[in-house]
Each structure stands twice: as structure tokens, then as C-alpha cells.
Student: 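Let me give you the structure first, and then I'll get to my questions.
For the single chain, residues carry numbers from 1 onward in sequence order. Computation of the quantities below employed the complete heavy-atom set of this structure, encompassing side-chain atoms and omitting hydrogens, waters and symmetry-equivalent molecules.
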Amino acid sequence: MQYMLSALAPRGLPSRLLSLLMLAALAALLLHGPARAADPADGPVGEGSESSGEGDKVGSGIKGSGLPVPRFVSLRTKEVNMRIGPGVQYPVEWVYHRRELPVEVIAEFEVWRKIRDPEGAEGWVHQSMLAGKRTVTIRKDKARVMLRRTDSDASTPVAWLSPGVIGKVLKCPRNSVYCQVEIEGYHGWLSRDEVWGVYRAETID
């Protein structure tokens with residue numbers, strides 16, 4: 001630092017002034033520190049750079065999305081930070097590594113969403129890391145679940161599913177206890193009681 005300031009200072013600059021310049025530069029470095037690199041697992045968190053993963057337009061200063069709360073969404077990427085508060089200044093409590101995992105939005109603050117995961121853990125993620133795509137996961141308290149060929153208790157199986165398997169929701173008809181899903185190329189029906197990610201009385205077309 002001293003070498004750089006000496007090289008750039010005009011000839012004849014008093015040593016006292018040069019020392020003051022050096023102290024000011026050192027104080028600025030200690031006060032602000034090096035720039036913090038953005039964490040990709042938080043999404044675009046800079047002011048004015050927010051982009052919505054849920055289809056809602058949210059800018060800085062707007063309190064939430066206006067969408068229903070609670071609601072189910074899914075993780076947009078394979079790595080998502082969950083923080084203890086709504087901002088990058090809060091510590092990361094957990095890092096998700098499961099793209100399309102269903103989560104429930106239970107609160108909002110500006111561009112941050114408080115979510116609950118299938119295990120019951122709660123925390124805050126940036127809204128750009130969430131997608132409106134609806135998914136479900138087989139409940140952990142189920143030993144094995146049958147993917148049905150039709151929406152009937154008497155249906156034959158298409159496949160047998162293990163707890164934690166994630167599937168894309170195709171539809172959940174009104175007044176039906178079943179939802180049609182796609183899991184690894186297989187299409188079939190699952191009971192709402194067998195999965196986490198849809199509400200009992202919810203209709204999805």
C-alpha cells in the first residue's frame with residue numbers, strides 16, 4: 001500500500017499528508033472489507049436484480065408476491081440455501097441438494113420466502129430459487145406405495161415407489177382423493193394421503 005501511494009503521489013508531497021492518505025486508505029479497507037461474493041445457491045440477491053421463480057413480478061421494496069399463503073412450490077435448482085432469516089446477512093442453516101423437492105411457502109418478506117420442507121424444517125430462501133412447478137414426494141412414513149394405473153382402489157399397479165421419491169403433479173381432480181403424477185417416465189395415480197405436496201381439497205388441472 002505504501003509503495004503504491006508513493007508511486008502515485010506528486011513529487012514534493014509532504015510526508016505528513018502522505019501518512020494521512022495511507023491511514024485513510026487502511027481505515028476504509030478495515031471498515032468495508034473485501035466485497036462479498038454472491039452465493040449461487042441464494043439466487044440473484046443484488047438490488048434491482050431480483051427475478052421471480054414463481055411467475056410473480058417482485059421488485060425491491062414490495063412486500064411479498066400477493067400470491068396465496070400458504071401454498072406449495074418446488075425448488076428450482078439442485079443447490080438452494082435455507083437461511084435463518086430473510087436476507088444474505090443471516091447464516092445458512094441448511095443447503096438443499098434436491099431439485100424439484102416440494103416445499104410449502106408459509107410467509108413472505110420482500111423477495112424472500114419462508115418455507116417448510118417435507119421433514120418439517122423451516123427457513124428462508126430467495127424467491128428466485130423457487131418454481132411454481134407442482135411436485136410431490138412419497139411420505140417417509142410409508143414403507144412402499146403403489147403407483148396406480150387408474151384412480152381407483154381396485155387399480156392394478158404401474159410401479160411400486162419408495163419413500164422420498166419425487167414426482168411431477170399432472171392433475172388433482174375436484175372431489176377426488178387421487179392425483180395423477182409422472183415419475184421417471186411412468187404415469188399413474190397416487191392417493192393424496194400417500195404424498196406430501198398437495199392439499200386435501202385442492203384442485204389442480
Side-chain angles (χ1 to χ4, degrees), residues 38-88 90 92-140 147 161 163-173 178-190 192 194-205:
D39 191 333
D42 282 316
V45 296
E47 182 178 356
S49 66
E50 297 89 354
S51 63
S52 172
E54 300 174 80
D56 54 313
K57 296 180 180 179
V58 179
S60 58
I62 298 179
K63 304 295 184 182
S65 66
L67 296 174
V69 176
R71 66 182 181 275
F72 281 110
V73 294
S74 58
L75 299 185
R76 176 175 288 275
T77 67
K78 64 180 181 181
E79 185 174 337
V80 177
N81 285 341
M82 183 175 74
R83 296 180 177 273
I84 66 172
V88 294
Y90 294 96
V92 174
E93 185 174 28
W94 188 260
V95 180
Y96 292 100
H97 294 280
R98 294 201 69 188
R99 184 174 178 268
E100 298 186 347
L101 178 74
V103 294
E104 186 178 23
V105 175
I106 57 176
E108 298 185 346
F109 179 76
E110 296 183 347
V111 296
W112 293 87
R113 306 289 181 260
K114 187 175 186 180
I115 63 166
R116 178 186 296 124
D117 68 19
E119 304 292 327
E122 298 179 2
W124 293 85
V125 302
H126 191 269
Q127 55 101 20
S128 67
M129 308 307 284
L130 302 174
K133 180 179 181 180
R134 295 297 300 274
T135 62
V136 292
T137 182
I138 304 300
R139 291 184 177 273
K140 293 295 181 69
L147 181 63
L161 308 174
V165 170
I166 295 174
K168 176 184 176 182
V169 177
L170 301 179
K171 62 181 178 180
C172 294
Y178 292 100
C179 291
Q180 188 180 32
V181 300
E182 177 187 350
I183 299 177
E184 297 181 4
Y186 293 95
H187 290 71
W189 296 82
L190 292 169
R192 299 178 191 234
E194 298 169 334
V195 299
W196 193 90
V198 295
Y199 298 111
R200 287 181 177 271
E202 183 178 17
T203 300
I204 301 176
D205 298 322

Student: In the structure I gave you, are the side-chain heavy atoms of L75 and L130 within less than 4.5 Å of one another anywhere?
Tutor: yes
Student: Just to verify, what does R139 make a side chain to side chain contact (heavy atoms under 4.5 Å, CB included) with, not counting sequence neighbours?
Tutor: D141, K142, W196
Student: For the atom pair CD (E108) and CZ (R71), what is the distance rounded to the nearest 0.5 Å?
Tutor: 4.5 Å
Student: For E122, check side-chain hydrogen bond (donor to acceptor under 3.5 Å, both in side chains) against everything at least two apart and list the hits.
Tutor: R116
Student: What residues form a side chain to side chain contact (heavy atoms under 4.5 Å, CB included) with V165, not counting sequence neighbours?
Tutor: I138, S162, I183
Student: Using the test side chain to side chain contact (heavy atoms under 4.5 Å, CB included), find all partners of V92 that sit at least two apart in sequence or belong to another chain.
Tutor: N81, R83, V95
Student: Might you point out which heavy atoms bring L147 and Y186 nearest each other, and give the distance in Å?
Tutor: CD2-CB, 3.9 Å
Student: CH2 of W124 to NZ of K114: how many Å apart, nearest 0.5 Å?
Tutor: 6.5 Å
Student: Just jot down the side-chain hydrogen bond (donor to acceptor under 3.5 Å, both in side chains) partners of Y199, sequence neighbours excluded, or say none.
Tutor: E104
Student: Distance-only, no hydrogens or angles: does the T137 side chain make a donor-acceptor pair with backbone N or O of G164 under 3.5 Å?
Tutor: yes
Student: What are the two closest non-hydrogen atoms of G197 and P102, and how far apart are they?
Tutor: CA-CB, 4.3 Å
Student: Looking only at heavy atoms, which two atoms of W112 and D42 are closest? And how far apart?
Tutor: CH2-OD1, 4.3 Å
Student: What is the minimum heavy-atom distance between R113 and E110, and which atoms define it?
Tutor: NH1-O, 2.8 Å
Student: So, for E79 and T77, which heavy atoms are closest and what is the spacing to 0.1 Å?
Tutor: O-OG1, 3.0 Å
Student: Can you tell me how far CD1 of I166 sits from OG1 of T135, rounded to the nearest 0.5 angstrom?
Tutor: 6.0 Å
Student: Between M82 and Y96, which heavy-atom pair has the shortest distance, and what is it?
Tutor: SD-OH, 3.3 Å
Student: If the condition is salt bridge (charged side-chain N to carboxylate O under 4.0 Å, His left out), which residues does K140 pass it with, not counting sequence neighbours?
Tutor: E119
Student: Quick one: list whatever passes side chain to side chain contact (heavy atoms under 4.5 Å, CB included) with I204, sequence neighbours left out.
Tutor: R134, V169, C172, V198, E202
